[in-house]
S.K.: 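Once you've had a glance at the structure underneath, I'll fire off some questions.
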Amino acid sequence: MAIGIFDSGLGGLTVLDAVSKRLPDQPLVYFADSAHAPYGVRDADDIHTLTKRAVERLWSEGCNLVILACNTASAAALRRMQEAGVPEGKRVLGVFVPLIEALTERQWGDNSPPREVAVKHVALFATPATVASRAFQRELAFRAIGVDVEAQACGGVVDAIEEGDMILAEALVRSHVDALHRKMPDPHAAILGCTHYPIMEEIFQAALGADVKVYSQANLVAESLADYLERRPDMVGPGKTNRFLTTGDPERVGRGATRFLRREIVFERA
Ligand code: DGL
């Protein structure tokens, strides 16, 4: 059955949408842990427990491969889950590495020593838990030297998007970009390090200015998944249709998802 795509809520749908466009014949099972969203204000142990439970559920649905389409879960739980070992034939992957490979101009799996890259001043916008984990800086340090990263924890943005309050989300994005500018007046590039943020990409770009390159994950993750599946076709399990599961109220989450993707999405209770 398909590939599993996990997020705390609606944000991972940006990744699901890009994967569906890149791999139209690939069935997907989406899992939104809406009852426990947002994750970004929780501590690392809590995020690990919730993420592990969701991934195990997707494995039990027959998904051999699960993508954590959530930076917060990737930052706080992925390494711990991989180090503890995953069941035979199952895999779990995060969303950080494809982004950092794009930023550092690397091909997939290029494990050569860190080197100087073109961008020198990078703004990272992410949830408080992702910022606190410093996982982005750690992954970047394996691949690049001399890059100055200023991280801005974007409190409230995920909640506003989940509530469908886009006016509040926009105001918060502008104020977080202002706060970033006070610490780093002239970033070369900006990372949208939360899968909810691509829905606000135009606002980030407008607030940052046209000369700042904004990196957003969805397409990078889809491309990297397509690449991975060419090498690991065994990771595709049986199943033919997409499914959407949530720990929250399926009707409410379905309405939010329909608004988010601008096409009808029907959720089942997980
Ligand atoms: N989409 C999740 C991420 O990429 C949001 C986390 C949250 O629930 O706060 O970080």
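Atoms within each ligand, like the ligands themselves, are counted from 1 in listed order. Any value given below was found using the heavy atoms of this structure, including those in side chains, with hydrogens, waters and symmetry copies removed. In this text, all values refer to a predicted model and were calculated from it rather than measured experimentally.
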S.K.: Using atom types as modelled, flag every donor-acceptor pair under 3.5 Å from a side chain in residues 83-93 to any protein atom, sequence neighbours excluded.
M.R.:
{"unit_1": "Lys90", "atom_1": "NZ", "unit_2": "Asn64", "atom_2": "OD1", "d": "3.0"}
{"unit_1": "Arg91", "atom_1": "NH1", "unit_2": "Tyr228", "atom_2": "OH", "d": "3.2"}

S.K.: Using a side-chain heavy atom cutoff under 4.5 Å and only I, L, V, M, F, W and Y, what cluster partners does Ile100 have?
M.R.: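 Phe96, Leu99, Leu103, Val117, Val119, Val122, Leu124, Phe136, Leu140, Val147, Val149, Ile191, Tyr215, Leu220, listed by chain and number.
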S.K.: Apply side-chain contact (heavy atoms from CB on, under 4.5 Å) to Ala123 and list each qualifying residue two or more places apart in sequence or on a separate chain.
M.R.: Phe125, Leu180, Pro187, Ala190
S.K.: Indicate the ring-plane relationship of Phe260 and His196, choosing parallel, tilted or perpendicular according to the 30° and 60° boundaries.
M.R.: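 Geometry flag for His196 against Phe260: perpendicular rings.
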S.K.: So which residues, sorted by chain and number, lie with a heavy atom under 4.0 Å of ligand 1?
M.R.: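 Its neighbours under 4.0 Å (heavy atoms only) are Asp7, Ser8, Pro38, Tyr39, Gly40, Cys70, Asn71, Thr72, Thr127, Val158, Cys194, Thr195, His196, given by chain and number.
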S.K.: Angle between ring planes, Phe267 versus Tyr30, binned at 30° and 60°: parallel, tilted or perpendicular?
M.R.: perpendicular
S.K.: With the 4.5 Å side-chain cut-off for hydrophobic clustering, are Ile161 and Leu16 part of the same group?
M.R.: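 Ile161 and Leu16: one cluster.
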